[in-house]
Amino acid sequence: RTGLEGNRGTLNSAMKMAPTIPVYDENGDYLPNDFPGAQGNENPLAYANEVLDNTILNNVLANLTFKITPLKDLDISVKLGTNVKRQQNNYYLSSETIEGGKVNGQATITNASTDYWINENIISYKKEINKHRFSAMGGFTMEENIWEQNMITATGIPTDAFSYTGVGSAETIGMPTVYKTRTALMSFLGRATYNYADVYLLTLTDRMDGNSGFSLGNKWGNFPSVSAAWRISQEKFMKNIDFLDNLKIRAGWGITGNSRIGSYRSLCLLTNSRYVLGDNTVAGIGPNKIGNADLRWESTEMYNLGLDVAL
């Protein structure tokens with residue numbers, strides 16, 4: 001455990017520890033820090049020797065792409081991808097530390113998993129007839145991410161030799177916590193371009209995106225755009241002007257969207273809690289967050305006008 005975890009961690013404690021303070025007292029116990037401003041902070045050697053913070057991570061990444069050309073100038077591609085993670089963190093705070101001594105040892109076990117997949121389906125077409133060049137693209141994409149985490153903490157471990165495996169035999173076992181979120185995104189997209197002799201350029205795009213995080217009626221957003229350009233330097237009347245390599249006027253308009261609002265913000269959420277019923281404390285559920293049914297895609301409308309000059 002060597003990080004700078006807030007006010008904890010080996011490095012953090014070492015930077016605050018006076019170098020004149022011995023590591024152990026006459027009984028062989030770790031001496032706490034009594035440096036002004038850091039009194040009572042953990043001995044850095046105690047963090048290094050008596051705290052276990054072990055994370056095991058397994059991660060599988062895979063991508064598969066198919067591409068076919070059934071007709072001349074027509075391409076169809078399909079992409080499949082996945083990212084699967086399994087993570088376990090084993091944490092133990094020994095009773096030899098200041099914090100651990102207050103609760104006679106503390107153990108925490110955390111398991112987390114992530115299952116992500118994406119599917120992209122794109123069809124594209126391009127054609128050139130004399131000085132006319134056309135291209136078109138259409139697609140449909142889907143992706144989903146499921147994240148889950150469960151954690152349990154216990155104090156009063158019979159012996160430090162058990163480490164985090166002493167959760168089952170602890171004096172006090174905290175309430176297990178379980179978190180799970182699911183997000184999904186679906187998109188329809190299209191683009192068309194026209195180019196005449198590299199002089200007149202036109203691009204039209206549109207995409208419709210649906211996000212599971214929004215309420216019914218607000219899940220979808222439409223984001224079109226259009227841009228055009230006139231490359232004046234390619235015109236015949238510019239042939240005798242040698243000092244200009246490129247002269248182009250361009251203009252564009254479009255709408256972009258943002259859906260990064262977090263999970264379940266449009267819903268009213270419940271959480272687990274404990275309350276007194278008679279002479280006992282029992283488990284129950286209660287309100288946690290008030291949902292906003294009016295949440296929708298954030299959209300930004302943009303215009304641009306430019307002149308490109310290269311000498």
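The structure displayed is predicted, hence computed values, not measured ones.
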Would you say the side chain of Ser95 lies within less than 4.5 Å of the side chain of Ile157, judging by non-hydrogen atoms?
no
Gap between atom CZ of Arg133 and atom CG of Asp198 - 0.5 Å precision:
4.5 Å
Test of understanding: clusters of I, L, V, M, F, W, Y form through side-chain heavy atoms closer than 4.5 Å, transitively. Do Trp230 and Val309 belong to the same one?
yes
Check against side-chain contact (heavy atoms from CB on, under 4.5 Å), Leu74 and Lys127
CA-CA 9 Å; Leu74 181 66; Lys127 189 68 175 179; over 6 Å; no
Could you walk me through whether Leu295 and Asn218 pass the side-chain contact (heavy atoms from CB on, under 4.5 Å) check?
CA-CA 7 Å; Leu295 278 177; Asn218 294 324; over 6 Å; no
Got a donor-acceptor contact below 3.5 angstrom from the Asn90 side chain to the Leu52 backbone?
no
Less than 4.5 Å apart, any side-chain heavy atom of Val23 and any of Tyr30?
yes
Of the non-hydrogen atoms in Ser215 and Ser266, which two are nearest, and what is the gap between them?
N-OG, 3.7 Å
Other than Phe188, which residues form its hydrophobic cluster under the rule that side-chain heavy atoms must be closer than 4.5 Å?
Trp117, Phe140, Met142, Met186, Met208, Trp220
Got a second to check how far Ile122's CD1 is from Lys67's NZ, nearest 0.5 Å?
11.5 Å
Ignoring hydrogens and geometry beyond distance, is a side-chain donor-acceptor pair present between Thr271 and Asn288 at under 3.5 Å?
no
Criterion side-chain hydrogen bond (donor to acceptor under 3.5 Å, both in side chains) against Asn89, the qualifying member of Thr110, Asp53, Asn111:
Asp53
Say whether, by atom type as modelled, one donor and one acceptor occur between the side chain of Lys79 and the main chain of Thr65 under 3.5 angstrom.
no
Could you walk me through whether Lys85 and Trp147 pass side-chain contact (heavy atoms from CB on, under 4.5 Å), step by step?
CA-CA 9 Å; Lys85 294 181 181 180; Trp147 173 82; over 6 Å; no
Has the side chain of Asn258 got a donor or acceptor atom that lies under 3.5 Å from a matching backbone atom of Arg260?
yes
What distance separates Gln149 CD from Thr177 OG1, expressed to the nearest 0.5 Å?
6.5 Å
CG of Leu216: more than 12 outside heavy atoms within 6.0 angstrom?
no
Could you state whether Leu311 and Ile241 fall into the same hydrophobic cluster, counting links through intermediate Ile, Leu, Val, Met, Phe, Trp or Tyr residues with side-chain heavy atoms under 4.5 angstrom apart?
yes
Closest approach of Arg182 to Ser212 (non-hydrogen atoms, all atoms of both residues)
O-OG, 4.2 Å
Roughly how far apart are Gln87 CD and Ser113 OG, rounded to 0.5 Å?
10.0 Å
Tyr200, Phe237: one ILVMFWY side-chain cluster at the under-4.5 Å cut-off?
yes
Any chance the side chains of Tyr92 and Asn54 put a donor and an acceptor closer than 3.5 Å?
no
Looking only at heavy atoms, what is the nearest atom pair of Arg207 and Asn222, with distance?
O-OD1, 3.4 Å
Answer yes if Tyr264 and Ile290 sit in the same cluster of Ile, Leu, Val, Met, Phe, Trp and Tyr residues linked by side chain heavy atoms under 4.5 Å apart, and no otherwise.
no
Which atoms form the tightest heavy-atom contact between Ala107 and Ser163, and what is the distance?
CB-O, 4.2 Å
Check the surroundings of atom CG in Asp245: do more than 12 heavy atoms from other residues, nucleotides or ligands lie under 6.0 Å from it?
yes
Within the side chain of Asn292, is there an N or O that forms a donor-acceptor pair under 3.5 Å with the backbone of Asp294?
yes
Heavy-atom donor-acceptor pair, Ser233 side chain to Leu247 backbone, under 3.5 Å
yes
What do you reckon, is CG of Asn27 surrounded by more than 12 foreign heavy atoms closer than 6.0 Å?
yes
Tell me whether Phe134 at atom CZ has more than 12 heavy atoms from other residues, nucleotides or ligands lying less than 6.0 Å away.
yes
Just verifying a value: how many Å separate Asn145 CG and Leu185 CG, rounded to the nearest 0.5 Å?
11.5 Å
Can you give me the closest heavy-atom contact between Val167 and Ile173, atom names plus distance?
O-CD1, 3.5 Å
Does atom CZ of Arg250 have more than 12 heavy-atom neighbours, drawn from other residues, nucleotides or ligands, at distances under 6.0 Å?
yes
Flag the pair Tyr125 / Leu71 as yes when at least one side-chain heavy-atom distance between them is below 4.5 Å, and no otherwise.
no
Roughly how far apart are Gln88 CD and Leu57 CG, rounded to 0.5 Å?
11.5 Å
Would you please test Asn83 and Thr114 for side-chain contact (heavy atoms from CB on, under 4.5 Å) and show each step?
CA-CA 8 Å; Asn83 184 1; Thr114 300; over 6 Å; no
Looking only at side-chain N and O atoms, does Asn211 offer a donor or acceptor that is under 3.5 Å from a partner on Asp209?
no
Identify the two heavy atoms, one from Ala283 and one from Tyr275, that lie closest to each other, and give their separation to 0.1 Å.
O-CE2, 4.0 Å
Given the rule that I, L, V, M, F, W and Y join up when any side-chain heavy atoms are under 4.5 Å apart, are Tyr179 and Ile152 in one cluster?
no
